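Everything on this sheet refers to the single structure shown next.
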Amino acid sequence: MGERLQAFYTLSIQEPEQFWSKEAESIYWHEPFKQVLDYSRPPFAKWFVGGKTNICYNAIDRHLKDRANQAALVFVSTETQQEKIYSFSQLHHEVNVMASIMRELGVKKGDRVVIYMPMIPEALFAMYACTRIGAVHSVVFGGFAAHSLAARIDDAKPQLMITADAGSRGGKVVPYKPLVDEACQKASFPPEHVLIINRGLDPNRTVIKQRDVNYGDIKEKHLNAQVNCEWVDSEHPSYILYTSGTTGKPKGVQRDTGGYLVAMSASIQHIYCGNAGETFFTTSDIGWVVGHSYIVYGPLISGMTTVVYEGLPIRPDPGIWWDVVNKYQVSIMFSSPTAIRVLRKQDPIYLDKNKTRSLRYLFLAGEPLDEPTAQWITQSLNIPVVDNYWQTETGWPILSAMLGVDNTPRKFGSPSFPVYGYNVQLINESTGEPAKDNEKGLLAVIPPLPPGCLSTIWGDDERFVKTYFSTFKDKYIYSTFDWGVRDTDGYYFILGRTDDVINVAGHRLGTREIEEAISSHHNVVEVAVVGVNDPIKGQKPFAFVVSKDNAYAKSKADRTQLENELFQTVDQLLGAIARPARVFFVSILPKTRSGKLLRRSIQALAEGRDPGDLTTLDDPTALESIKESLMQ
Ligand code: PRX
C-alpha cells in the first residue's frame with residue numbers, strides 16, 4: 001500500500017467520523033445529519049443520524065440543473081434489437097410517471113415492492129420510483145423459479161409487484177407472467193396488485209382481473225404527474241436483496257438510505273475512478289448486488305451515464321460489448337471473470353482495439369479472477385484491470401485497489417488491499433488470533449461496518465447478529481465466510497468460502513437450497529451438493545444422491561432418467577440457474593460420526609484431490625461409493 005493510500009485508509013479507520021463526514025459532502029441532504037455514526041447498539045451501526053435525504057433525488061433530480069440533456073440511461077437490447085437513450089430529464093419524467101402509478105396502486109412510504117423484471121428501462125424506472133416515494137424495493141432475479149419467488153414474496157410481504165410479460169434469452173422468449181401467477185398463488189402474502197409491462201413478447205399472456213394492471217394503459221392517466229421526493233431518515237430502508245447462505249432460507253439483506261448514498265458516491269470516485277459526464281457500463285443484472293450498486297445507483301448518483309444491456313455477451317457476435325463501448329464512448333466497464341473467460345475463448349478478431357479506445361478501466365468482481373484471464377484481458381485492452389472483492393451484504397468493495405486515491409501496482413490474482421472504512425482482519429481459525437503474513441485466515445471485519453453495508457436482515461435482527469457476528473464468542477466480528485491470505489507486501493488473496501456457498505459464473509448459490517430442492521423428489525433419500533472447479537464458470541454444482549430404491553439407479557438408462565427428473569425439479573423450484581451440472585448416484589454419503597456431511601471430502605474427490613483428514617469419517621465405504629459414482 002503506497003503512503004498516500006495508507007494515510008487515507010488509516011484516517012478512515014482511526015477517525016471514521018471525520019473521514020465519512022467529508023465523504024458525505026458529495027450528497028444532497030435535505031436536512032443535515034447531527035451525528036455521523038451511532039454505534040450505541042453493537043453490532044448495529046447507524047450512519048448520518050438525523051439526516052434526511054432521498055436516493056432518487058440524488059440520482060436524478062439534482063442533476064437536472066446541469067445535466068438535463070445529458071444521457072442518464074442508455075438501453076441496448078440485442079434480444080429485441082432496441083436501443084434507446086434517456087436523458088436525465090426524460091428519466092425524471094418516466095420515474096415521476098411510475099411513482100404516480102405506484103401511488104395510485106396504494107404504495108406508501110415503507111411499503112415493499114417486489115420487482116421481477118428483465119433488463120429493461122422500466123425495471124430501473126420502478127426502482128428509482130420506489131426510492132423516490134420511500135417504498136422499499138426487492139428485486140428478484142428474473143431467472144428464479146416460482147417457488148423461490150413465492151418465498152421472497154412471503155418474507156417481504158409486498159403491496160405491489162412489478163413484472164413484464166416476458167424476458168428473452170439468446171433470442172428465446174422466456175414468459176414471466178405464468179411464473180408470477182404461480183408464485184402469487186403459492187405465496188401466503190401475495191401483493192394486492194401486479195403491474196405488468198407488456199413488451200408484446202408473449203401473446204398468450206393471461207390477465208387476472210382486479211389484480212393485474214397493464215402499465216401501458218394506466219400510464220395514460222399519469223403522463224403529467226409530478227411526485228415529490230419523500231425525504232426519509234438516513235437509516236430508512238432503501239431496499240431488500242435476498243442472498244443465499246448456509247441455510248436453505250435466503251436472507252433479505254437490508255440497505256439504508258444515507259449510508260448507501262455516501263458509500264456509492266465515494267466508491268465511484270476512489271475505487272471506480274468515474275467522473276460526472278462519463279459513461280459506466282456494468283454487464284451484470286439488476287437482480288444482483290453489482291447491478292443495484294453499479295448499474296442502477298452508483299453511476300447516476302455521481303452524474304454519470306449508465307448502460308443497461310439486455311442480451312448475451314456473444315450474440316450477435318462476441319464483439320458486441322466492445323461495439324457498445326465504442327458507440328457510447330464508455331469510460332468505465334465492470335464485468336465478471338466468467339464473462340471475460342467466455343470472451344477469451346472466442347476469435348481474437350472480436351476484441352478490436354480501435355473499439356475500446358474510450359475505456360479507461362475495467363473492473364472485475366464476484367468470483368476469483370484467475371491469472372491467465374487477468375493477464376489476457378490486461379494485455380488485450382492495455383488499461384488497468386482491477387479485481388475487487390465484496391458481497392451482497394456489503395454493497396461495495398471490501399478489498400480493491402483504489403486508483404482514484406493512489407496508483408498502486410496490481411498483482412495478478414489479488415484484489416489488492418482493504419478498502420477505506422473496512423477494518424479488515426485475517427483471523428486464524430484455531431487460535432482466534434490475527435493471522436501472520438502468508439498464513440491462511442478467515443477474512444473478517446471489525447465492526448462497525450462502514451456506510452452502505454447491510455443494516456440488518458429484513459425483519460430478523462437476531463439472525464443478522466447470529467449469522468454474521470457470532471463466529472467468535474466474546475466479541476462481535478463480522479465474518480465474510482471467505483478464507484484469505486495476505487502476502488508480505490500487504491496484498492490479499494481470496495482462497496474460497498468457509499461455508500456451503502458456491503459460486504457459479506459469479507452467481508452465489510447455497511448448496512443447501514439445491515439439496516432441499518433435490519430432496520423433494522419422491523425417489524431421493526439423501527443428497528449432497530458440492531461446487532467443483534470449472535474452467536469457465538469458476539465452479540459448477542455436482543449432486544451426489546442416494547435414491548430410495550437403490551436398484552432403481554443401477555442401469556445407465558435409469559440413472560439418466562432420474563437425473564433428468566432431478567434437473568426438472570431444481571428448475572421448477574429454484575430456476576435453471578441452480579441446476580446441477582451432473583447427478584451421481586451413490587449408496588451412502590460420507591458423514592462424520594456425529595452425522596455431519598463431509599462435503600469438503602466429496603468436493604476433493606470430485607476434483608481429483610486428496611479427501612483430507614478422514615479421522616471423523618463414520619463409514620469408510622462411503623468414500624468408495626463416491627469414487628465409484630464419479631467413474632460411472
Ligand atoms: O466468495 C466471495 C465471492 O463472492 C462472494 C459474494 O458474492 P455475492 O454476494 O454475489 O456478491 C458479489 C459482489 C461482487 C464472496 O463472499 N467473491 C466476490 N468477489 C470476489 C470473490 N471471490 C474472489 N475474488 C473476488 N474479487
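Values in this document were obtained by computation on a predicted structure and should not be read as measured data. For the numbers below, each heavy atom of this structure counts, side chains included, while hydrogens, waters and symmetry mates do not. All ligand and atom numbering here is 1-based and tracks the order in the structure.
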Within 6.0 Å of CZ in Arg360, more than 12 heavy atoms from elsewhere: yes
Atom 6 (C) of ligand 1 - nearest protein heavy atom and its distance: Trp390 O, 3.5 Å
The answer for which part of Val501 has a heavy atom under 4.0 Å from ligand 1 is neither
Could you name the option among Thr392, Asp370, Asp482 that has the heavy atom nearest to atom 15 (C) of ligand 1? Asp482
Determine whether a donor-acceptor pair (N or O, by modelled atom type, separation under 3.5 Å) exists between the side chain of His236 and the backbone of Asp256. no
Glu515 side chain vs Val529 backbone, donor-acceptor pair below 3.5 Å: yes
Does even one non-hydrogen atom of Pro415 get within less than 4.0 Å of ligand 1? no
A side-chain contact here means heavy atoms from C-beta on lying under 4.5 Å apart; do Glu393 and Tyr478 qualify? yes
For ligand 1, which atoms have a heavy atom of Val289 less than 4.0 angstrom away? 11 (O), 13 (C)
May I ask you to list the atoms of ligand 1 that are less than 4.0 angstrom from any heavy atom of Asn388? 19 (N), 25 (C), 26 (N)
Ligand 1-proximal atoms of His507, by part, heavy-atom distance under 4.0 Å: neither
Run the numbers for me: atoms of ligand 1, each under 4.0 Å from some heavy atom of Ala365, listed by number. 14 (C)
Is the contact between Asp387 and ligand 1 made by the side chain, the backbone, both, or neither, using heavy atoms and a 4.0 Å cut-off? side chain
In terms of atom number and element, which parts of ligand 1 are under 4.0 angstrom from non-hydrogen atoms of Asn503? 3 (C), 4 (O)
For ligand 1, which atoms have a heavy atom of Pro368 less than 4.0 angstrom away? 22 (N), 23 (C), 24 (N)
Are Tyr239 and Thr131 linked by a side-chain donor-acceptor pair shorter than 3.5 Å? no
